[in-house]
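Read through the structure below, which is laid out as structure tokens, and then see the notes.
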Amino acid sequence: MTQYDPKAIEERLYERWERAGYFHEEPDPARPPFVICMPPPNVTGRAHLGHGSTFTPMDVMTRYHRMLGNNADWLPGVDHAAIATEAVLVREIAKEGLTREDLGRERFVARAWEWSRTYGGQIEKQFRKLGFGPDWERARFTMDEGLSAAVRRVFVRLYREGLVYRGRRLINWDPKGKTTVSDAEVDRVERDATLWRIRYPRAAGDLADGIEVATTRPETMLGDVAIAVHPQDARFARWIGATVLVPPLLQRAIPVIADACVDPEFGTGAVKVTPAHDATDYEIGLRHGLAMPTVLDLRARVSGAEVDVGPYEGLDRFEARRRIVADTAQLGLLVAEEPYRHAIAVSDRSGDVIEPLLSLQWFVKMESLAAPALQAYREGRVRFVPERYGRTYEQWLENIRDWNVSRQIWWGHQLPVWYVPDGTPVVAETEEEAIEIAMREHGTRELTRDPDTLDTWFSSGLWPFSILGWPQQTAELSCWYPSQVLVTSFDIIFLWVARMVMLGIHFMGDVPFRDVVITPLVFDAQGRKMSKSLGNAIDPMDLAERYGADAFRVSILRQMRLESQEIRYHEARCEEARNFNNKIWNALRYGKSFPEGFPSAMTLPPQDGLTLADRWILTRLRDAIVRVGERLDRYDFGSATDSIWRFLWYEFCDWYVEATKEPGNTASRAPVFSFVLNNAMRLLHPVAPFISEEVWLSLPHDGQSIMTATWPDPLEVPADAAAAATFESLQQAVERVRNLRAEIGLSPRDRIDVDVPSDVPDDVAQLLVHLCAGTLRRVGAAGGDVAGALAAVSGRAPRDLLEARHRKELERLANEVERLEKKLANAQFVAKAAPGVVAKEREKLAGYRQEHQRVAKAVADLE
RNA sequence: GGGCGGUUAGCUCAGUGGGAGAGCGCUUCCUUGACACGGAAGAGGUCACAUGUUCAAUCCAUGUACCGCCCACCA
């Protein structure tokens with residue numbers, strides 16, 4: 001078999017790791033902690049490419065820190081995803097012709113549990129296939145009893161501190177999801193709409209005399225309580241204080257008022273005010289003490305409960321809009337109707353148009369929670385990578401509004417709130433406690449529990465401490481809070497990150513994590529969002545199936561750049577990564593073919609037993625170890641992966657492996673080859689866990705698994721800078737000769753005569769001719785050091801070819817010399833540039849001159 | 001209306017205040033004793049545009065254009 005087959009090993013290795021308990025860790029105060037809380041995927045979720053870009057880095061960091069010997073644990077879990085799961089269930093039971101209400105709360109919730117248990121484990125299975133190795137033994141579900149207890153404790157405490165309150169406020173109603181949603185869950189999308197200009201007449205007798213307003217939402221006219229104009233707008237000065245009639249019913253008279261938030265430039269300069277159904281209008285209503293009647297109910301239908309809505313009662317909001325526009329036109333009060341494109345609010349869950357309406361709901365007061373979270377950021381106790389996302393976080397917290405946390409769905413944490421008969425709420429962690437309070441304070445034990453549940457993000461916000469056992473004081477909590485790093489994508493900085501920081505500080509007295517790494521979003525190759533409807537979604541499971549989990553991981557990591565906000569994912573990247581794995585696999589096969597076999601333990605020959613190539617590859621290995629570590633420490637996954645890739649392919653395979661094929665120079669190759677590959681596999685392990693393990697186990701190694709092996713130590717790798725420099729000169733010489741071979745058109749079987757100056761040492765000369773498939777011919781000393789002598793190496797070729805080539809080279813060198821001479825002749829440059837820079841340029845010039853001379857002499861010798 | 005990214009080879013993207021890079025694609029050659037999911041060689045770019053700072057700008061600053069994203073109460 002000459003091709004690597006990931007399927008043959010991945011599943012087997014993962015099972016072994018899990019069985020051996022390598023993913024599990026106990027809190028150990030003696031070692032530095034390295035803890036990551038997994039952002040809990042939705043119980044309804046399936047792995048998608050976004051998990052590739054956020055979860056792979058978490059796995060990489062955990063594996064890396066485990067190898068560094070830290071107390072590393074990656075804490076997994078699943079989110080009950082209230083709205084999403086409820087929507088799935090409502091669809092399910094609809095197939096049976098049932099509604100939620102038909103089933104009743106208890107049976108509905110029971111079905112939700114059943115559904116979660118049946119399908120909820122899917123994504124965890126998928127994560128295993130992708131090689132993700134969190135501490136599964138510690139997996140939690142946000143609806144677990146422990147986590148639910150934490151939710152109740154937090155809610156009750158916030159209530160008693162006055163930070164949770166019930167109030168009638170303008171909220172975002174999602175008619176399709178039949179629940180409120182928080183401001184953070186509302187998206188704005190540009191849509192084509194209509195802007196109507198409507199005249200509100202002063203009196204029913206003269207419809208021509210009136211004030212014109214512009215609106216995109218005629219159906220809310222039924223709830224209008226005023227017309228507002230800008231106080232300095234001369235056009236309307238005479239109108240302020242007047243009353244007009246609301247079309248099309250013309251039954252209610254409303255005042256014209258002045259408010260500075262009205263933009264005289266927009267529309268007609270006058271705006272209708274419907275406080276119960278628009279955020280701006282609500283503010284105006286508060287400022288002017290206006291009535292705030294709602295005219296749409298929770299089904300988004302017109303409702304006359306609070307104000308007379310005439311014949312429109314019960315109509316759907318969009319139908320009502322059509323009818324009201326038509327009726328207004330009939331009266332001659334529709335002045336104009338023009339197409340208008342603007343941003344409207346939609347629910348990010350259901351996609352339905354959000355209906356702002358006044359409703360009695362529960363809120364978390366944010367201001368006093370936000371202040372310490374802002375301070376923590378400003379003092380650098382929470383750090384964002386890339387840094388710019390910190391400003392996003394900061395701006396959001398600075399402008400924070402109270403958080404509506406009650407939801408009108410059944411799947412989730414029911415509010416720990418009961419009402420006594422007069423409607424006063426009793427907030428308690430348990431029903432027993434609620435009864436006790438009710439008896440004590442209200443003299444009744446007759447309680448009705450609030451049917452609402454909490455926003456999913458309320459429980460997610462407690463995640464970093466609730467999964468560690470809070471409110472119990474556990475060893476996990478004391479060792480692993482705060483965690484070291486949170487990895488997530490920027491779209492949930494508000495929904496989740498900021499809330500965790502606020503609640504973490506409030507309840508734990510410290511931030512929940514120090515570093516927040518924001519990974520890029522994944523788009524398709526054209527830069528479009530991946531979506532089912534576009535049909536451009538790529539399934540990571542499909543990629544892992546076809547190319548292997550390692551290839552998928554490497555493909556996505558290599559496309560991650562520290563500062564970048566998006567990845568345009570190309571499947572070709574996965575293919576390349578698969579090829580890379582194959583390359584490694586075959587390098588191992590090559591090593592296994594050494595007749596002398598690998599040594600039994602990982603040891604290096606003594607320094608004087610090392611060849612030039614050995615010294616070079618060891619030096620390069622040391623550099624690679626340092627580089628990869630530095631880059632992982634900076635969360636620069638793309639560049640870390642790239643470093644390993646380049647080392648293995650372009651240095652180890654392309655040069656070192658070829659060098660070991662030099663006949664008669666094979667004494668050190670087996671130990672050096674296996675030593676280098678063993679180290680390289682440890683560098684590779686965090687990013688490609690499977691192949692690195694399989695290869696590592698085939699080499700001399702210590703221990704049972706690469707997972708528990710130690711991270712390579714650069715100081716344990718002997719480096720030889722001088723030998724490395726010589727090897728690099730040799731590489732250049734080899735490339736020159738190969739180029740000449742190609743120009744001559746020599747077939748690989750034909751050897752080329754190579755002129756090597758006598759001052760190139762024998763071993764170097766032998767390796768040189770081996771690497772360019774040449775025959776050694778010694779020529780006179782070139783003078784200078786070995787590097788200089790290597791620069792004089794040339795292949796023998798027909799005179800005219802050599803001459804053309806030399807002339808081209810001479811021209812290039814002459815240009816360089818001229819350029820540098822001019823530069824150095826510039827007094828300004830010599831005077832003002834850093835001394836080091838000038839010296840370096842002088843050195844370069846000398847080098848080019850020397851080379852020029854040598855090539856010129858070669859040309860002369862041809863004559 | 002604010003804020004943030006991006007613009008470098010046909011494509012996707014690295015990169016650096018002092019000689020423009022990779023992968024894929026393309027051309028030529030090679031089934032050489034690990035690998036054709038491979039190897040060797042090669043063609044291909046006024047580093048978006050303008051101005052400025054500097055001895056020196058693809059890199060720093062300012063502005064412009066185009067692309068993308070986030071936030072925001074213009075109905």
Side-chain angles (χ1 to χ4, degrees), chain A residues 2-4 188 195-196 213-217 220 228 261-274 278-284 340 342-343 356 386 388-389 391-392 395-396 399 490-491 493-494 520-521 523 525 527-529 547 551 558-559 561 563-570 572-573 575-593 638-639 642 645-646 650 653-654 657-658 660-661 663 734-735 738-743 745-749 772-773 812 815-816 819-820 823 826-834 837-838 840-841 844 848:
Chain A
T2 58
Q3 274 177 15
Y4 172 60
R188 299 219 160 236
L195 186 65
W196 287 277
V213 305
T215 183
T216 54
R217 303 209 51 204
T220 65
C261 82
V262 179
D263 177 3
E265 303 294 312
F266 186 88
T268 63
V271 59
K272 66 187 215 56
V273 181
T274 322
D278 181 273
T280 310
D281 294 3
Y282 179 71
E283 297 295 325
I284 297 176
Y340 179 58
H342 72 141
R388 63 188 136 88
Y389 291 114
R391 288 192 292 278
T392 307
Q395 280 163 19
W396 188 73
N399 300 305
F490 82 97
D491 49 350
I493 290 179
F494 310 140
L521 293 177
F523 294 90
R528 297 171 306 177
K529 209 160 197 159
Y547 300 107
R558 276 188 84 218
Q559 294 180 77
R561 295 297 152 180
E563 291 293 321
S564 124
Q565 63 184 21
E566 66 171 57
I567 293 175
R568 296 193 174 187
Y569 192 86
H570 284 68
R573 286 291 147 107
E575 208 173 309
E576 290 166 30
R578 189 246 349 235
N579 297 352
F580 172 66
N581 289 336
N582 192 52
K583 187 82 182 170
I584 296 168
W585 184 249
N586 279 290
L588 173 69
R589 285 183 59 233
Y590 167 74
K592 280 175 162 173
S593 76
S639 142
D642 227 44
W645 180 299
R646 303 178 88 85
Y650 308 129
C653 290
D654 283 356
V657 164
E658 292 312 313
T660 62
K661 292 176 183 171
V734 168
E735 271 159 9
R738 281 175 180 170
N739 170 283
L740 198 60
R741 287 183 62 105
E743 277 183 52
L746 274 185
S747 108
R749 292 183 188 290
C772 49
R812 186 185 72 89
N815 281 339
E816 295 290 358
R819 189 178 60 81
L820 288 175
K823 192 179 216 177
N826 181 349
Q828 300 269 46
F829 170 67
V830 180
K832 296 195 176 174
V837 171
V838 179
K840 215 163 161 188
E841 296 295 301
K844 278 200 286 194
Y848 284 130

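Throughout, a chain's letter reflects where its sequence line sits, starting with A, and its residues are numbered from 1. Bear in mind the structure is a predicted one, so any value in this text is a computation, not a measurement.
Rounding to whole angstrom units, CD1 of residue A:I493 and C1' of B:C4 are separated by 11 Å. Between the CD atom of A:E575 and the C1' atom of B:C35 there is a distance of 16 Å, rounded to whole Å. One atom, NZ of A:K832, and another, P of B:C55, lie 4 Å apart when rounded to the nearest Å. Atom OH of A:Y389 is separated from atom C1' of B:C4 by 8 Å (rounded to the nearest Å). For the pair A:D642 CG and B:U12 C1', the interatomic distance rounds to 13 Å; values are reported in whole Å. As rounded to whole Å, 12 Å separates atom C1' of B:C55 from atom CD of A:E841. Atom CZ in A:R589 sits roughly 12 Å away from atom C1' in B:G38 (whole-Å rounding). Rounded to a whole Å, the CG atom of A:N579 is 18 Å from the P atom of B:A34.
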Q | Criterion side-chain hydrogen bond (donor to acceptor under 3.5 Å, both in side chains) on A:T274 and A:Y282, from CA distance to verdict | A | CA-CA 7 Å; A:T274 322; A:Y282 179 71; over 6 Å; no
Before giving the answer on side chain to side chain contact (heavy atoms under 4.5 Å, CB included), spell out for A:N586 and A:Y4 the whole-Å C-alpha distance, their side-chain angles and the decisive distance to 0.1 Å. CA-CA 8 Å; A:N586 279 290; A:Y4 172 60; over 6 Å; no
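Within the nucleic acid shown, A:R561 comes within 4.0 Å of sugar-phosphate atoms alone, with no base atom in reach, counting heavy atoms only. Among the protein residues, A:D654 comes within range of the sugar-phosphate backbone only, with heavy atoms under 4.0 Å from sugar or phosphate atoms but none that close to a base. As judged by a 4.0 angstrom heavy-atom cut-off over every strand, A:E735 is placed among residues touching the sugar-phosphate backbone only. Using a 4.0 Å heavy-atom distance criterion, A:R738 is classed as a sugar-phosphate-only contact. If you check every strand for non-hydrogen atoms under 4.0 Å, A:V273 touches nothing.
Closest approach of A:A587 and A:C653 over heavy atoms only: CB-SG, 3.9 Å. Annotation for A:Q828 and A:N826: closest pair N-OD1, 2.9 Å, computed over non-hydrogen atoms. In terms of heavy atoms, A:A551 sits closest to A:N581 at N-ND2, 3.6 Å. A:L521 and A:F490 get closest at one heavy-atom pair: CD1-CE2, 3.2 Å. When all heavy atoms of A:A773 and A:P748 are compared, the closest pair comes out as CB-O, 4.5 Å.
For the atom pair CD1 of A:I584 and CH2 of A:W645, the computed distance is 8.5 Å after rounding to the nearest 0.5 Å. For the atom pair A:L740 CG and A:L746 CG, the distance stands at 8.5 Å (nearest 0.5 Å).
The pair A:E576-A:R578 does not count as a salt bridge, with every side-chain nitrogen at least 4.0 angstrom from each carboxylate oxygen.
On the C1' atoms, B:C69 is 25 Å away from B:C60, given to the nearest whole Å. Here, B:U12 and B:G68 have their P atoms 14 Å apart, quoted to the whole Å. Taking atom P on both nucleotides, B:A57 is separated from B:A20 by 13 Å, rounded to a whole Å. Rounded to whole Å, the separation between the P atoms of B:U7 and B:C49 comes to 13 Å. For the P atoms, the distance from B:A48 to B:U8 is 6 Å, rounded to whole Å. Spacing between B:G39 and B:U32 at atom P, rounded to whole Å, works out to 14 Å. The C1' atoms of B:G23 and B:G38 are separated by 16 Å, rounded to the nearest whole Å. Nucleotides B:G21 and B:U46 are separated by 15 Å at their P atoms, to the nearest Å.
The side chain of A:A587 sits closest to B:A34 out of B:A34, B:G18, B:A14. When the nucleotides B:A34, B:A41, B:G18 are ranked by their closest atom to the side chain of A:A742, B:A41 comes out on top.
Each of A:V734 and A:R819 has a nearest nucleotide on RNA chain B; the 5'-most of these lies closest to A:R819. A residue-by-residue look at A:N826 and A:A834 shows that A:A834 has its nearest nucleotide of RNA chain B further toward the 5' end.
Between A:N739 and B:A40, a side-chain N or O to OP1/OP2 separation shorter than 4.0 Å is absent.
More than 12 heavy-atom neighbours from other residues, nucleotides or ligands sit within 6.0 angstrom of NZ on A:K661.
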Per-nucleotide protein contact along nucleotides 23-33 of chain B, 5' to 3', at a 4.0 Å heavy-atom cut-off (B base, S sugar-phosphate only, - neither), is BS-----S-B-
I'd like a table of atom pairs between the protein and nucleotides 67-75 of chain B - only N or O on both sides, under 3.5 Å - with the distance next to each one.
from  : atom 1 : to     : atom 2 : distance (Å)
B:G68 : N2     : A:Q565 : NE2    : 3.3
B:C73 : O4'    : A:T280 : OG1    : 3.2
B:C73 : O2'    : A:T280 : OG1    : 2.7
B:C74 : O2     : A:D263 : OD2    : 2.3
B:C74 : N3     : A:D263 : OD2    : 3.3
B:A75 : OP2    : A:Y340 : OH     : 2.6
B:A75 : O2'    : A:A214 : O      : 3.1
B:A75 : N6     : A:D263 : O      : 2.7
B:A75 : N6     : A:F266 : O      : 3.1
B:A75 : N1     : A:D263 : N      : 3.3

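Side-chain atoms of A:R561 never come within 3.5 Å of backbone atoms of A:E566 as a donor-acceptor pair (strictly under, hydrogens ignored). Judged by distance alone, with hydrogens and angles left aside, the side-chain atoms of A:R558 form no donor-acceptor pair with the main-chain N or O of A:R573 at under 3.5 Å.
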Read 5' to 3' with Watson-Crick or G-U pairs under 3.5 Å, [ ] for crossing pairs and | for partners on another strand, RNA chain B gives (((((((..((((....[..)))).(((((.......))))).....(((((..]....))))))))))))....
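A heavy-atom distance below 4.5 Å is not found between the side chains of A:I493 and A:W396.
Under 3.5 Å, the side chain of A:E658 and the base of B:A34 form at least one donor-acceptor pair of N or O atoms.
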